[in-house]
Number of protein chains: 2
Amino acid sequence: MSIEVMSTETIGKKLRYIREEKELPLRKVAALLDIDVAILSKMERGERRITKEVVLKLANIYDYNADDLLVSYLSDKILYEIQDEDLGIEALKLAEQRAKYIKANKKK
Amino acid sequence: MSIEVMSTETIGKKLRYIREEKELPLRKVAALLDIDVAILSKMERGERRITKEVVLKLANIYDYNADDLLVSYLSDKILYEIQDEDLGIEALKLAEQRAKYIKANKKK
DNA sequence: ACCTCTATTGACATAATGTGTCAAAATTAA
DNA sequence: TTAATTTTGACACATTATGTCAATAGAGGT
């Protein structure tokens, strides 16, 4: 898998690619995360949900850009919601429009 | 609420607006949907999730464009996932890119 | 073949979340 | 006030998510 096509991959595949580049076994990474090896294996293969917390910890462990991984992680969650809906792309466009509207109008 | 700003509203508020335009009480609509009045009330106020099935039934009951409501419904689910994430808009852009990629490459 | 390390799979108990039903309370209109 | 409508909260139940563990599978080296 090249860097170019990585953006269209799931966060799981991306994390596995990065881990294998570092030549780190699941066993070691799972230990650092303090989670079961089975869970990390399933997370990389999309069988279990990854939490934001784990993504941030992995960015730290792999010394990889956290924002890049977070965007990938969030887009995964988004795509899961629209699955194979015909109107998915339309919904994404409206969601972006609404997100910008919310961002512009929120008081802090 | 005007039609112009309706696109930035939740599916719930939109459905309530349409229902009130038709001057239909929750009681009657809930009966047509065969669900409890309390649930429909909560759905309109975003306290309970609306199902795709209910959205389609309401489009029929209100004689309102189903695709329009579905896009609104899906964008609601999408925005729920990114909540108030700083990287939300970036994630939406990546998700759209990935959705287009998937759409272009899927075999049926 | 063996042995070792690594990764995957599935079963299980428990936790967390979602859902339907109902009645009381609150709101609104007449 | 009376009646209709809507909201709120509590409850039991169903569904889904999660962590733990052990058995299985796979790849390499000896």
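Within every chain, numbering begins at 1; the chains are lettered A, B, ... in the order of the sequence lines, protein sequences first and strands thereafter. Computed from a prediction, not measured in an experiment: that's the story for all the values here.
- Heavy-atom nearest nucleotides on DNA chain D were determined for B:Arg48 and for A:Arg48, and the one closer to the 5' end corresponds to B:Arg48.
- We find that CD of B:Glu47 is positioned 10 Å from P of D:dT7, with the value rounded to whole Å.
- If you take OH on A:Tyr64 and CG on A:Leu58, they are separated by 12.5 Å, rounding to the nearest 0.5 Å.
- How far CD of B:Gln97 is from CG of A:Leu79: 10.5 Å, rounded to the nearest 0.5 Å.
- Cluster membership check: B:Ile78 does not share its hydrophobic cluster with B:Val71, using side-chain heavy-atom separations under 4.5 Å among Ile, Leu, Val, Met, Phe, Trp and Tyr.
- In the interface, the side chain of A:Lys42 is paired with the base of C:dG10 through a donor and an acceptor atom under 3.5 Å apart.
- Using a 4.0 Å heavy-atom criterion, one finds that A:Ile35 contacts no nucleic acid atom at all.
- With distances taken from any side-chain atom of B:Ile39 to the nucleotides C:dA7, C:dT21, D:dT20, the minimum falls on C:dT21.
- In this structure, A:Arg49 reaches the sugar-phosphate backbone alone: every heavy-atom distance under 4.0 Å involves primed, P, OP1 or OP2 atoms, never a base.
- For A:Arg49 and A:Tyr80, the positive end sits near the middle of the six-membered ring, less than 6.0 Å away and at most 45° from its axis.
- Interatomic distance, CD of B:Glu96 versus OG of A:Ser75, reported as 12.0 Å (0.5 Å rounding).
- Here C:dT28 presents its P atom at 12 Å from CD of B:Glu20, a figure rounded to the nearest Å.
- Counting to the nearest Å, the C1' atom of D:dT8 and the CE atom of B:Met43 are 17 Å from each other.
- Remark: C1' of C:dT27 and CZ of B:Arg45 are 12 Å apart, rounded to the nearest angstrom.
- Looking only at distances, a side-chain donor or acceptor of A:Arg19 sits under 3.5 Å from a matching main-chain atom of A:Leu24.
- The residue A:Leu26 sits close only to the backbone: its heavy atoms come under 4.0 Å of sugar-phosphate atoms, none of a base.
- Residues A:Leu32 and A:Leu40 are members of one and the same hydrophobic cluster, defined by side-chain heavy-atom contacts under 4.5 angstrom among Ile, Leu, Val, Met, Phe, Trp and Tyr.
- Between B:Ser41 and the phosphate of D:dT7, there is a side-chain N or O to OP1/OP2 separation shorter than 4.0 Å.
- Nucleotide D:dT6 holds its C1' atom 15 Å from the CG atom of B:Leu24, rounded to whole Å.
- Separating the CZ atom of B:Arg16 from the C1' atom of D:dT5 is a distance of 11 Å, rounded to the nearest angstrom.
- When rounded to the nearest whole Å, the span between CG of B:Leu33 and P of C:dT21 equals 13 Å.
- Computed from coordinates, the B:Asp36 CG to D:dT6 P distance equals 13 Å when rounded to whole Å.
- Taking side-chain N and O atoms only, A:Arg27 has no distance below 4.0 Å to OP1 or OP2 of C:dT4.
- Of the candidate nucleotides C:dT9, C:dC22, C:dG20, C:dT9 has the atom nearest to the side chain of A:Ala38.
- Rounded to 10°, the angle separating the first-five-pair axis and the last-five-pair axis of the helix from C:dA1-D:dT30 to C:dA30-D:dT1 equals 30°.
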